[in-house]
Every structure is written in structure tokens, then in C-alpha cells.
Amino acid sequence: MSRWLKLLERVCFLSNDIRFEELKKILESYGYVMKGTSGGSSHFTFRKQGCAPITIPKHEPIKKTYIIMVKEIIESEEANDNEND
């Protein structure tokens with residue numbers, strides 16, 4: 001199994017050892033663009049046209065709430081891919 005699939009599997013099983021950079025990689029692969037805040041905050045917002053933005057703090061470990069949000073995005077993107085096939 002490739003690293004990418006292992007990463008997606010860890011998110012889908014809500015692993016509690018996911019790093020911020022891994023979530024960033026997933027979101028950017030689905031077309032989200034990361035924007036940092038101008039006030040020096042540790043929170044980063046990921047935006048994609050036509051989708052609700054998602055804000056994730058760059059703290060380790062990542063709280064399960066944020067992993068669930070990314071899991072929902074993965075599932076939504078996979079459903080969209082299946083509809084387009």
C-alpha cells in the first residue's frame with residue numbers, strides 16, 4: 001500500500017497521531033489553498049471555491065475534531081469522483 005493510501009487510511013480511522021503537515025498535504029491535494037492569518041496566529045484556513053473553508057490550528061497533536069473535518073472532505077471528494085465516473 002502506498003504512503004498516500006496509508007495516510008488517507010489513518011485519517012479515515014481517526015488516528016490520533018496525525019500531524020498538521022499531513023492534513024495540509026491532503027487538503028492541498030484536493031484543491032484547497034492554505035492562507036495564514038495576518039495576526040501571527042497559529043491557525044491556518046484552507047479554502048476551495050464552492051466549499052466551506054476549514055480552519056486548523058498548527059498544534060501537535062491535532063485534535064480529533066479537525067481530523068473528522070478532513071475525513072468528511074475526503075469522503076465528499078471520493079463521492080464526487082465516483083459520480084463523475
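Quick caveat: nothing in here was measured; it's all calculated off a predicted structure. Both backbone and side-chain heavy atoms feed into the values below; hydrogens, waters and symmetry mates do not.
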Is there a donor-acceptor contact under 3.5 Å from the side chain of [X] to the main chain of [Y]?
X     : Y     : result
Glu22 : Arg19 : yes
Ser76 : Ile73 : no
Ser2  : Leu5  : yes

Kindly give the heavy-atom pair with the smallest separation between [X] and [Y], and that separation in Å.
X     : Y     : answer
Cys12 : Ile74 : SG-CG2, 4.4 Å
Ala52 : Tyr32 : O-CE2, 4.1 Å
Trp4  : Ser29 : CH2-OG, 3.1 Å

Atom [atom1] in [X], atom [atom2] in [Y]: separation rounded to 0.5 Å?
X     : Y     : atom1 : atom2 : answer
Lys63 : Met69 : NZ    : CE    : 10.5 Å
Phe13 : Ile18 : CZ    : CD1   : 12.0 Å
Ile67 : Glu72 : CD1   : CD    : 12.5 Å
Ile54 : Tyr66 : CD1   : OH    : 9.0 Å

Exercise. Does the distance from a Lys or Arg side-chain N to an Asp or Glu carboxylate O, for Lys25 and Glu21, drop under 4.0 Å?
Worked result: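 A salt bridge is absent here (no side-chain N lies under 4.0 Å from a carboxylate O).
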
Problem set entry | Side-chain ion pair, Lys48 and Glu77, N-O less than 4.0 Å | yes

Exercise. Any side-chain heavy-atom pair from Ile56 and Phe46 closer than 4.5 angstrom?
Worked result: yes

Problem set entry | Validation row: His43, Thr55 side chains within 4.5 angstrom (heavy atoms) | yes

For this session: I would like to know whether Phe44 and Phe20 meet ring pair (Phe, Tyr, Trp, His ring centres under 6.0 Å); could you show each step before the answer?
Result: CA-CA 10 Å; Phe44 293 86; Phe20 176 84; 5.5 Å; yes

For this session: Take atom CD of Glu60 as the centre, draw a 6.0 Å sphere, and report whether it contains more than 12 heavy atoms from other residues, nucleotides or ligands.
Result: yes

For this session: Quickly, which of Leu8, Ile62, Leu27 forms a side-chain contact (heavy atoms from CB on, under 4.5 Å) with Val70? Name it, please.
Result: Leu27

Problem set entry | side chain to side chain contact (heavy atoms under 4.5 Å, CB included) between Thr45 and Arg47, intermediate numbers included | CA-CA 6 Å; Thr45 301; Arg47 298 182 187 277; 3.9 Å; yes

For this session: Classify the side-chain pair Tyr30/Glu78 by whether it contains a donor and acceptor separated by less than 3.5 Å.
Result: yes

